[in-house]
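Here the structure is laid out as structure tokens; the discussion comes afterwards.
Below, all heavy atoms of this structure are taken into account, side chains as well, without hydrogens, waters or symmetry copies. If you read the sequence from its start, that first residue is 1, and numbering goes on from there.
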Amino acid sequence: MSARAQGVRGLLLAMVISTSPAAAQSLAERVEATRDGAVTFQYAARAGVCGDGEHFVRMGRSYHGSFSKDARREPCVAGPVQVRVTMREGEAQRVDSWVGIARSRNARDLGAVSAVEAARYLMQVAAHASSGASSKAIFPAVLADSATVWPALLAVARDTATRSRSTRHDALFWLSRYAAGSVAGRSNNPFNDDADETDAQDLKGHAVFVLSQLPRNEGVPVLLDIARANPDAVMRGKAMFWLGQSGDARALALFESVLR
């Protein structure tokens, strides 16, 4: 090999070595590279998720965020999910999220990323970051297209040693939605709206709600029975929804058995 050829080969090798680490960086590494300040990124949302890019997110018939009587008339844009993570000394201190047309957030923008990787990173924040960031990381993780986050939610909901009550409550709530979606035949879909209910189902649903309001979780055993064995999938889903609101540890075992 000539000296010139060897020189070209060496230059190409140097280029590969110098560019490969950056190309191989995970989303977490890219975010954490900003030790102090804000970082944004966006990714595809699940089907049926839209928002106005600022105030609200709609999932099926449900709304999340600042809802007003005029929200139904506002344009609801299908994705992307946009997340802003505020870092301090290399640690996530705050997580904000929106759905709709991505906007400038006065932050370093990483652009579009994989929805599955975004969900993985956000659930890492939920599992390890301070309480100010952890609970707020769960919702945008659930919105990520094609991401399966319920195993991570289960771990967070069970972590009484390091996770705040609000973070564990949010994890339990979304576990209940995944479980409800599963019994309704919508695997890996946490958005279960119970559309087109009959009058009889509506009445039974109100009875399930009343059980959920009994003091000291006295209605939990009956809710567990309904969730496990009621022949109506809609009623099983409603029971799981209210079990998710209860914060009762017995609900976790049920959700895990349904989802596994």
Quick one: do E54 and R105 make a salt bridge, cutoff under 4.0 Å?
-> yes
Take F173 and V142, measure what side chain to side chain contact (heavy atoms under 4.5 Å, CB included) needs, and give me the verdict at the end.
-> CA-CA 11 Å; F173 169 78; V142 170; over 6 Å; no
What do you reckon, is CZ of R250 surrounded by more than 12 foreign heavy atoms closer than 6.0 Å?
-> yes
Take Q82 and S97 through the side chain to side chain contact (heavy atoms under 4.5 Å, CB included) test and state the conclusion after the steps.
-> CA-CA 6 Å; Q82 185 180 28; S97 60; over 6 Å; no
Please answer whether the main-chain N or O of A115 pairs with a side-chain N or O of R120 as donor and acceptor at a distance below 3.5 Å.
-> no
What do the steps show when you test M123 against L153 for side chain to side chain contact (heavy atoms under 4.5 Å, CB included), and what is the final call?
-> CA-CA 8 Å; M123 287 309 304; L153 289 172; 3.8 Å; yes
Hphob cluster co-occupancy, F209 + V222, side-chain heavy atoms under 4.5 angstrom | yes
Hey, could you give me the SG/OH distance between C76 and Y63, rounded to the nearest 0.5 Å?
-> 6.0 Å
So do Y178 and M240 actually touch side chain to side chain, heavy atoms under 4.5 Å?
-> no
Find the distance between CG (D170) and CD1 (I138) and round it off to the nearest 0.5 Å.
-> 5.0 Å
Do the side chains of S130 and E91 get nearer than 4.5 Å, heavy atoms only?
-> no
Pairwise side-chain contact, L110 with T40, heavy-atom cut-off 4.5 Å (strictly under) | no
Please examine the side chains of K204 and V208, heavy atoms only from C-beta on, and report whether any two atoms are closer than 4.5 Å.
-> no
Would you check if V220 and L243 make a side-chain contact, meaning some heavy-atom pair closer than 4.5 Å?
-> yes
Of all the heavy-atom pairs spanning V85 and A92, show the shortest one and how long it is.
-> CG1-CB, 3.8 Å
Over all heavy atoms of both residues, which pair between V95 and A133 is shortest? Give the atoms and the distance, please.
-> CG2-O, 3.8 Å
Measure centre to centre between the rings of F139 and H64, then say whether the value is under 6.0 Å.
-> yes
Indicate yes or no: at least one non-hydrogen side-chain atom of S246 is less than 4.5 angstrom from one of N217.
-> yes
Verify side-chain hydrogen bond (donor to acceptor under 3.5 Å, both in side chains) between S164 and T167, making sure each step is shown before the conclusion.
-> CA-CA 5 Å; S164 67; T167 299; 3.0 Å; yes
Check the surroundings of atom CG in L224: do more than 12 heavy atoms from other residues, nucleotides or ligands lie under 6.0 Å from it?
-> yes
Output for pair (R168 CZ, S134 OG), nearest 0.5 Å, gives 10.5 Å
Under 4.5 Å between any side-chain heavy atoms of S176 and F255, yes or no?
-> yes
In Å, rounded to the nearest 0.5 Å, how long is the span from CG of L211 to CD1 of I226?
-> 5.5 Å
Parallel, tilted or perpendicular for F41 and Y121, by the 30°/60° rule?
-> perpendicular
What heavy-atom pair brings Q124 and A28 nearest, and what distance separates the two atoms?
-> OE1-CB, 4.0 Å
Validation row: R30, V113 side chains within 4.5 angstrom (heavy atoms) | yes
Shortest non-hydrogen contact from V156 toward A171 = CG1-CB, 3.9 Å
Is a donor on one side and an acceptor on the other found under 3.5 Å between the side chain of T34 and the backbone of G37?
-> no
Test the R84-W98 pair against the cation-pi criterion, namely NZ or CZ under 6.0 angstrom from the six-membered ring centroid and within 45° of the ring axis.
-> no
Derivation of the side chain to side chain contact (heavy atoms under 4.5 Å, CB included) call for R236 and F241 | CA-CA 9 Å; R236 295 202 304 275; F241 173 84; over 6 Å; no
Might you point out which heavy atoms bring G79 and A45 nearest each other, and give the distance in Å?
-> CA-CB, 4.2 Å
To the nearest 0.5 Å, atom CD of Q213 lies from atom CD of E218 at 12.5 Å
For the residue pair Y43 and A141, what are the closest heavy atoms and their distance?
-> OH-N, 4.2 Å
Transitive ILVMFWY side-chain link L223 to L259, under 4.5 Å = yes
Charged N-O contact under 4.0 Å between E256 and R158 | yes
Whether R163 side chain and A126 backbone form a donor-acceptor pair below 3.5 Å = yes
Identified side-chain contact (heavy atoms from CB on, under 4.5 Å) counterpart of P140 within the set V99, V57, V125, V83 | V83
Looking at E89 and R35, does any basic side-chain N land under 4.0 Å from a carboxylate oxygen?
-> no
Spacing of OG belonging to S257 relative to CG belonging to L252, to within rounding of 0.5 Å | 11.0 Å
Could you tell me whether R94 and D96 have a side-chain N and a carboxylate O separated by less than 4.0 Å?
-> yes
